[in-house]
Amino acid sequence: LMSDAQADANERLTAFLEGLEQLPWWRGIAWRGVTAGSGFGFTEPTVVTRGITAASRDPRVATAGFTTPGVYAILSQTGRDLGQFSAAPQEQEVVFAPGTLLQSQGRIEGPCPIVVVYELLVGDGQVRGPEVDPARLASDLQAMLDTARALGPIGPVRDRFAGEIW
């Protein structure tokens, strides 16, 4: 049997997830900082998220000003854009719901190594990734990081945008 506190927490989570479904999709790159202990993309090639995964449309936010040892570049298909509802819109937050299927596509070495991640969609007996040109993707992602770095520092950000994806 569930305690009243557990039942209340479950109700709040259910309401949050239902609200999340109403937000606009983000189809594009969502960035999340890699931390020293991150296994996804290194030892784990595929993961189904178990919780809410926060990312940002701004790599400066995801890497806390390029202070993380790398960055995940998630090619989002169903991430939800929280920007217009956020108390901190400058963070450009995108969240992925529990049950999101993510697959590492390899790394791009550079000053801030990039782990390329595809969000996969499952339906009609098929698994579909984003439609991209892998040869062009590497240069596009590196150009995005270079542009972000040239914009200069960003103010303080919450630490929710870096860490293991699970």
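Here the structure is a predicted model, which means the values were calculated and not measured.
Of all the heavy atoms in Ala162 and Thr68, the pair that sits closest is CB-CG2, 4.1 Å. Of all non-hydrogen atoms in Arg149 and Pro111, the two that sit nearest each other are NH2-CB, 4.2 Å. For Trp26 against Ser76, the heavy-atom pair with the smallest separation is O-OG, 2.5 Å. Pairing each heavy atom of Ser86 with each of Pro89, the nearest pair is O-CD, 3.5 Å. Minimum interatomic distance between Gly70 and Thr63 (heavy atoms only, all atoms of both residues): O-CG2, 4.2 Å. Between Trp25 and Gln77, the shortest heavy-atom contact is CE3-O, 3.4 Å.
For the atom pair CG of Leu102 and CZ of Phe40, the computed distance is 5.0 Å after rounding to the nearest 0.5 Å. Atom CD of Glu164 and atom OG of Ser38 lie 5.0 Å apart (nearest 0.5 Å). Atoms CG and OH, on Leu75 and Tyr118 in that order, are 6.0 Å from each other to the nearest 0.5 Å. With rounding to the nearest 0.5 Å, the separation of CD1 in Ile52 from CZ in Arg80 is 11.0 Å. Within the model, atoms CD1 of Ile165 and OG1 of Thr35 stand 9.5 Å from one another, a figure rounded to the nearest 0.5 Å. Put simply, CD1 on Ile114 and CE on Met144 are 9.5 Å apart, with the number rounded to the nearest 0.5 Å.
Under the 4.5 Å side-chain heavy-atom criterion for grouping Ile, Leu, Val, Met, Phe, Trp and Tyr, Ile29 is connected to Leu101 within one hydrophobic cluster. At a threshold of 4.5 Å between side-chain heavy atoms, the hydrophobic network of Ile, Leu, Val, Met, Phe, Trp and Tyr places Tyr72 and Val94 in one connected group. Under a hydrophobic-cluster definition in which Ile, Leu, Val, Met, Phe, Trp and Tyr are linked whenever side-chain heavy atoms come within less than 4.5 Å, directly or via other members, Phe66 and Trp31 are assigned to the same cluster. Leu121 is not connected to Val116 by any chain of hydrophobic side-chain contacts under 4.5 Å among Ile, Leu, Val, Met, Phe, Trp and Tyr, and they are in different clusters. In this structure, Ile108 is a member of the same hydrophobic cluster as Val71, with clusters built from ILVMFWY side-chain heavy atoms closer than 4.5 Å.
The closest side-chain donor-acceptor pair between Gln103 and Gln105 falls under 3.5 angstrom. Between the side chains of Glu119 and Thr78, a donor-acceptor pair is found at a separation under 3.5 Å.
Within a 6.0 Å radius of CG in Asp159, other residues, nucleotides and ligands contribute 12 heavy atoms or fewer. Within 6.0 Å of atom CG in Asp133, more than 12 heavy atoms from other residues, nucleotides or ligands are found, so the atom counts as buried in its surroundings. Environment of CD in Glu131: sparse, with no more than 12 heavy atoms of neighbouring residues, nucleotides or ligands closer than 6.0 Å.
In this structure, Thr147 contributes its side chain and Ala143 its backbone to a donor-acceptor pair below 3.5 Å. The closest donor-acceptor contact from the side chain of Gln6 to the backbone of Ser3 lies under 3.5 Å.
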Would you sort out whether Thr100 and Val48 count as a side-chain contact (heavy atoms from CB on, under 4.5 Å), showing the intermediate values? CA-CA 5 Å; Thr100 302; Val48 176; over 6 Å; no
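Side-chain contact between Pro24 and Gln84 is present, with at least one heavy-atom pair separated by less than 4.5 Å. Proximity of Arg27 to Pro130: side-chain heavy atoms (C-beta onward) are nowhere separated by under 4.5 Å. Between Val34 and Val115, the closest side-chain pair of non-hydrogen atoms falls below 4.5 Å. Between Ser104 and Glu44, every side-chain heavy-atom pair lies at or beyond the 4.5 Å cut-off. Counting heavy atoms from C-beta outward, Gln92 and Ser56 have side chains that approach closer than 4.5 Å. You'll find the side chain of Phe85 reaches within 4.5 Å of the side chain of Leu23, heavy atoms only. Put simply, the side chain of Ile154 reaches to within 4.5 Å of the side chain of Asp58, judged on heavy atoms.
Connectivity analysis of hydrophobic side chains (ILVMFWY, heavy atoms under 4.5 Å, direct or indirect) links Leu151 to nothing; its cluster partners are none.
Screening Arg32, Arg158, Arg57 for a salt bridge (Lys or Arg N to Asp or Glu O under 4.0 Å) with Glu93, the sole residue that qualifies is Arg158.
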